[in-house]
Amino acid sequence: MSPVRLEKRGALALIIIDNPPVNALSQPVREGLWHAIVEADEDAAVEAIVLHGAGRNFIAGADIREMDQPHREPYLYVLLSRLEACRKPVIAALHGHTLGGGFETALASHYRCATPDVQIGLPEVKLGLLPGAGGVVRLPRLIGAKGALDLITSGEPVAFERACALGLIDRALGEGDVVEQALSYAQELIASGASPRRVSDLPFPDADAANDAFFAAYRKGLSRSARRLEAVERIIQAMQAAATLPFDSALVRSRELFEECRKSSQSAALRHLFFAERGSREGSGAAARKVQRVAVLGAGTMGSGIATSCVTSGLEVTLVDLEPKALEAGVARLQSSLDSAVKKGRLAPAAASEARARVRVSTDLAAVAGSQLVIEAVYENLAIKQDVFRKLDAVCDPGTVLATNTSTLDVERIASVTRRPQDVLGMHFFSPANVMRLVEIVRARATAPETLATALAVARRLGKIGVVVGNCFGFVGNRMLYAYGRENQLMMLEGAAPERIDRVLEEWGMAMGPNAVGDLAGLDVGYRVRREQHNAPRDPRYYRVSDVLAELGRYGQKTGRGFYLYTATGERQPDPQLPELIRAEAQRLNVRQREISDTEILERCLYALVNEGARILEEGIAASPADIDVIWVNGYGFPRTRGGPMFYADTVGLPKVLEAIHKYEAEQGAQYWTPAPLLQELATRGASFASWQAERERQRTSA
Ligand code: 3H9
């Protein structure tokens, strides 16, 4: 059955797109629309056409799943030209998400009406694409080149009021049934003798002002991250074409540029992440328990950040710290996070007041009673955490989910001190917890499926991406970080300056180099964790540079010096004393210093990640390569445009990665560079992590 229906309502033709869950414009939808549009346009009894998307939204865009396949007609831009050419008024009835190709459909319609729940935008750039069905050519004709560029290069949707103010909506509808309201609007248009009104007939506004100088200035004003996106440059080129060429030629040019984007590795990476991030949210199949009251134990940086995230998401929070001073400081941090969110326009003042009203505080651990979820965020020490869990076991109601926010410790051993290990798991948040989107949800052996489902549901409620991982030292993210950091540390001993390693990795796309990250997190933190690390390699070189700095009290930003020196304004500068300090340590350890190339810096850091990731997959600690990618992109600043470490390895080609690993095995020894058997096997048979995962899924569904 076609996902598009045509219903006649007197003189009106109502075209309904019904393609759950989001009415994506897949090939059957485009074909159905084509037939419905032609039929309605050619029917002499029809005086106006109303386009409606069934369900929760109008149309959320092109079908992203089709973008890896050969394109099948009708092309969307051709279909929309046919829509715009209709000889009777076409009215788009907008509600909910009206995005990408969906908004382009609205722009090709003659009139746009919308209910207040509408969200309008062109988010293609987030997929490494540009609006390829006329959006770049039509939108500036309505709102000017600057407004259109801002909307398209940011990819951010606008809500109802802003959309009305921009002139994107001709008739603001009220709450209630969008179809009935749109049909009456169409009747009104017929009664007033309204005719088709085509955006393509409008001139490009201020065409003189949209000259080379304007576009050069626009390019100059882009942020560093926008400049890294190839799609942004192509969007600007498409807009330049729209400003200078006749409509049809500009449309064809934008389509060519869209195709270039679609074939780019950046877009492939971003599309991979679109599905990976949604896939990783999938639950255990069990029903989640209801959570409205959360207790957060420990009011330090992590605890107060987690509490902030909970209250801004509508949960009631009891923040507990046995130290009154620490509790006071934690509450102050929470308040100031809310204030800053209001200042930045991310939170309405009324919502901030409501969030404040949802916080209770206590210095008594018994105050956690009555909570449906307890998140422990106390000092990172096994004995302390075990003690806390024994006490929680005594005071919490049966069925309360008990989560530890440990970043490395054994969740099994924490769960084992309770009489309810089925209710215990890890919820590893990332700092700052009210900003970072990732939560590793750590499953211990006895963790029940409903406990996992509850933690996943809470992560989603907090607007975060929860990824279920197995229990081992550092889980997925930090375990891989140790391999990545280890190579960074060894290369410093071998003669690569910390700022050089950071620069190479930052230029490659990492949000921050590992040494700048170390200084930000505090070198004392890692130092303490390594003292607890029971499986640390017996190697005097292991993290030695960091340890030397920590032993000198150079903890990083908080002490004004670490790998870098920090100015009063927090700017980082290389420390002229550091090379000598590192050289002396290298000499003591008999490490020969030498010239290290940029390629070696990249390969040793990135392939160490990939090799460890492959072991993590073999051991079943991560459920899929895509989960590892989601973790590294959302928790560790891995560039989205490279898709995550495992996707990146597939892009390079596993045989090439294996060859490099063998080279480092020969040069550096087998201790760190023995290839993971899975990587070796896949590379040898010309497979990829993605094909391996697809094969496993096929086997699972056929079993
Ligand atoms: C485009 O339009 C290009 C054109 O300019 C030119 C073409 C020539 N396609 O996110 P959710 C799936 S590019 C395929 O969990 P929510 C999604 O995978 C497109 N599938 O729901 C998930 O599947 P599953 C521009 C899609 O309520 C399910 O729907 N548009 C698409 O949290 C539910 O999604 C965009 O970039 C799609 N377009 O959020 C918008 N969209 O259940 C992309 C969703 O199997 N979409 N799915 O996991 C979104 O941003 C969000 O999905 C939306 C709803 C905000 C709409």
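All ligand and atom numbering here is 1-based and tracks the order in the structure.
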- Nearest-option assignment for atom 10 (O) of ligand 1, heavy atoms, candidates Arg278, Arg65, Arg255: Arg278
- Item | Ser154 side chain to Asp150 backbone, donor-acceptor under 3.5 Å | yes
- Tell me which part of Val22 gets within contact of ligand 1: side chain, backbone, both or neither, using heavy atoms under 4.0 Å. side chain
- Heavy-atom donor-acceptor pair, Ser313 side chain to Ser309 backbone, under 3.5 Å: yes
- Those atoms of ligand 1 less than 4.0 Å from some heavy atom in Phe274: 18 (O), 41 (N), 43 (C), 44 (C), 46 (N)
- Query: In Å and rounded to the nearest 0.5 Å, what is the CZ to NE2 distance from Arg30 to His35?
  - Reply: 12.5 Å
- Leu127 heavy atoms, cut-off 4.0 Å: which ligand 1 atoms fall inside? 13 (S), 19 (C), 36 (O)
- By number and element, which atoms of ligand 1 are closer than 4.0 Å to a non-hydrogen atom of Pro21? 28 (C), 29 (O)
- Task: Answer whether the closest heavy-atom distance between the side chains of Phe647 and Arg642 falls below 4.5 Å.
- Result: no
- Message: Let me confirm one number: the CD-CD distance from Glu695 to Gln693, rounded to the nearest 0.5 Å.
- Response: 10.5 Å
- With atoms numbered from 1 as shown, which atoms in ligand 1 lie under 4.0 angstrom from a non-hydrogen atom of Phe258? 6 (C), 7 (C), 8 (C)
- Item | Numbered atoms of ligand 1 (with element) below 4.0 Å of Phe275, judged on heavy atoms | 18 (O)
- Short list, please: which atoms of ligand 1 are under 4.0 Å from a heavy atom of Ala62? 1 (C), 2 (O), 3 (C), 7 (C), 9 (N), 19 (C), 37 (C), 38 (N)
- Is it the case that Ser264 and Ser267 place a side-chain donor and acceptor less than 3.5 Å from each other? no
- Task: Show which atoms of ligand 1 fall inside a sub-4.0 Å distance from at least one heavy-atom site of Pro131.
- Result: 5 (O)
- Heavy-atom nearest option to atom 40 (C) of ligand 1, drawn from Gly61, Pro157, Ala60: Ala60
- Query: Are Phe258 and Tyr77 close enough that their ring centres sit under 6.0 Å apart?
  - Reply: no
